[in-house]
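First comes the structure, then the notes that go with it.
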Amino acid sequence: MTVVDTPERRQLRELTRAFVTKEVLPYLDDWERAGGVPRSLHETAAKIGLLGIGFPESVGGSGGDLLDSILVTEEVIRSGGSSGLIAALFTHGIALPHMVASRDDGLIDRYVRPTLAGTMIGALAITEPDGGSDVAGIRTCARRDGDHYVVNGSKTYITSGVRSDFVTTAVCTDFPGSGALSLLVIEKGTPGFTVGRRLEKLGWHCSDTAELSFVDVRVPVANRIGPEDTGFLAIMQQFATERLSLATQAYATAQRCVELATRWCRDRSTFGRPLASRQLVRHRLAEMHTRAEAARAYVHDVAERVAAGEPVVTEVAMAKNVAVAACDFVVDAALQLHGGFGYLRDAEVERHYRDARILGIGGGTTEIMNEIIAKGMGL
Ligand SMILES: Cc1cc2nc3c(=O)[nH]c(=O)nc-3n(C[C@H](O)[C@H](O)[C@H](O)COP(=O)(O)OP(=O)(O)OC[C@H]3O[C@@H](n4cnc5c(N)ncnc54)[C@H](O)[C@@H]3O)c2cc1C
């Protein structure tokens with residue numbers, strides 16, 4: 001019995017699986033080609049309570065904790081969804097938590113509730129063209145002018161940036177690169193705020209990604225999340241959830257690919273025998289399964305500790321790297337076992353192979369996770 005295996009959580013799994021089967025699987029290929037998921041999907045997911053999982057009912061959520069969110073992510077992918085779908089539909093998982101933590105009723109009413117109701121879409125903009133790993137080096141600046149900030153700068157690689165109604169934006173409230181950061185909620189349509197082209201990518205095709213530009217954008221001070229210059233801490237505090245979500249996407253993608261490859265190897269015969277009858281293939285599948293399961297167990301263990309309030313920054317970084325490594329190994333092996341079919345767009349495993357590549361880059365790269373781990377070791 002694992003931590004997520006309670007009767008309520010089994011129900012949540014069933015709800016998620018039914019949602020993916022009915023509302024996602026018939027359309028996912030079209031969304032991949034279109035480059036985004038429809039807004040109506042957010043409303044549908046909200047109506048059955050899926051969008052608000054992991055957010056308290058007091059802010060419009062459905063309740064549940066980090067482990068419930070992890071379960072939903074896991075089940076979406078294991079039911080045939082994808083990490084790209086998670087990125088697109090659950091972007092609020094990175095756009096809203098700072099607002100919820102700030103307990104600012106104005107921001108919660110204007111942005112959190114409508115987003116969890118599926119009628120607004122939010123994004124989180126930290127990364128800039130000059131660099132994403134060095135968060136303290138952010139150069140997009142906000143200068144105070146009466147009741148407003150005047151924002152200048154640009155952001156890039158922003159998930160759901162094309163569709164979003166508002167962007168939780170990291171800005172420097174002192175000189176560029178000073179590390180004195182604040183978070184401002186900037187609404188689409190504010191003069192001077194433009195969304196550039198939709199960026200084309202290797203994977204995550206159903207998740208739109210944008211460049212954002214800010215030229216003398218006037219943002220009300222009321223749209224600042226928490227006190228001035230507390231943005232860096234707020235970003236770091238929420239990174240644990242984002243990194244565990246990415247770790248979950250990684251091991252769940254691996255689990256799904258083990259299932260796909262196992263089914264394929266049972267059905268596919270070469271030289272007169274099913275692939276699965278050959279020891280080399282069986283051992284390869286066994287290794288894939290072992291790595292996916294070990295990653296799942298470790299990510300669950302670390303998530304439990306985060307949910308219990310333990311300061312496990314190093315372990316979160318290790319969990320992300322362990323799960324990404326397992327995923328990288330498994331998607332490559334799964335595609336290889338599919339032979340030529342694995343390389344075709346018709347093969348689900350092909351999508352997972354492409355989608356998986358971002359997991360060791362987004363939310364802090366594998367190298368940055370290693371930096372955190374090394375610091376945790378006292379190095
Ligand atoms: C599809 C997609 C979606 C994304 N969504 C979002 C989003 O919604 N919001 C957002 O803010 N960002 C988003 N990102 C950006 C992502 O978080 C960054 O790409 C990531 O943090 C890395 O930053 P960078 O690309 O600037 O690489 P850089 O920081 O320039 O790093 C380049 C390389 O150098 C390595 N490196 C950097 N510093 C060190 C060091 N000290 N030691 C050793 N190696 C180092 C890195 O690991 C990497 O391999 C997204 C990116 C993609 C591709």
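What you see is a predicted model, and the numbers here were worked out from it, not measured in a lab. Numbering of residues begins at 1 and proceeds along the displayed sequence. In each ligand, atom 1 is the first atom listed, and ligand 1 is the first ligand listed. FYI, side chains are in, hydrogens and waters are out, and symmetry mates aren't considered; it's all heavy atoms of this structure.
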| request: Could you tell me whether Y251 and H300 have their ring centroids closer than 6.0 angstrom? | output: yes
| message | Ring centres under 6.0 Å, that's the criterion: do Y343 and H338 meet it? | response | no
| said: Going by the rule ring pair (Phe, Tyr, Trp, His ring centres under 6.0 Å), which residues pair with Y157 if we only count those two or more places apart in sequence or in a different chain? | reply: none
Is there any N or O on [X] that sits under 3.5 Å from an N or O of ligand 1?
X: E367; answer: yes
X: E128; answer: no
X: Y157; answer: yes

For the residue pair [Y] / [X], report whether a side-chain donor-acceptor contact shorter than 3.5 Å exists.
X: R273; Y: S277; value: yes
X: T169; Y: K155; value: no
X: E128; Y: T140; value: yes
X: T16; Y: R13; value: no
X: R143; Y: N152; value: no
X: Y111; Y: N223; value: yes

| field | Partners meeting salt bridge (Lys or Arg N to Asp or Glu O under 4.0 Å) with E293 (sequence neighbours left out) | value | R296
| remark: Of G364, S133, A125, the residue with the heavy atom nearest atom 27 (O) of ligand 1 is S133
[atom] touched by protein heavy atom at under 4.0 Å:
atom: atom 42 (N) of ligand 1; value: no
atom: atom 32 (C) of ligand 1; value: no
atom: atom 1 (C) of ligand 1; value: yes
atom: atom 7 (C) of ligand 1; value: yes
atom: atom 36 (N) of ligand 1; value: no

By number and element, which atoms of ligand 1 are closer than 4.0 Å to a non-hydrogen atom of [X]?
X: I361; answer: 19 (O), 20 (C), 21 (O)
X: I126; answer: 10 (C), 11 (O)
X: G131; answer: 26 (O)

Identity and distance of the protein heavy atom lying nearest [atom]:
atom: atom 52 (C) of ligand 1; result: I358 CD1, 3.4 Å
atom: atom 9 (N) of ligand 1; result: L124 O, 2.8 Å
atom: atom 10 (C) of ligand 1; result: T127 OG1, 3.4 Å
atom: atom 24 (P) of ligand 1; result: G132 N, 3.7 Å

| query | Out of curiosity, does L337 fall in the hydrophobic cluster containing L260 (side-chain heavy atoms, cut-off under 4.5 Å, transitive links)? | reply | no
| message | Tell me whether ligand 1 is touched by K201 - counting only heavy atoms on the residue side and a distance under 4.0 Å. | response | yes
| request: May I ask whether G363 places a heavy atom under 4.0 Å from ligand 1? | output: yes
| query | After noting the C-alpha distance and the side-chain angles of S182 and D229, does the key distance pass the side-chain contact (heavy atoms from CB on, under 4.5 Å) rule? | reply | CA-CA 5 Å; S182 300; D229 295 348; 3.9 Å; yes
| query | What do we get for T365 next to ligand 1 when only non-hydrogen atoms under 4.0 Å count, side chain, backbone, both or neither? | reply | side chain
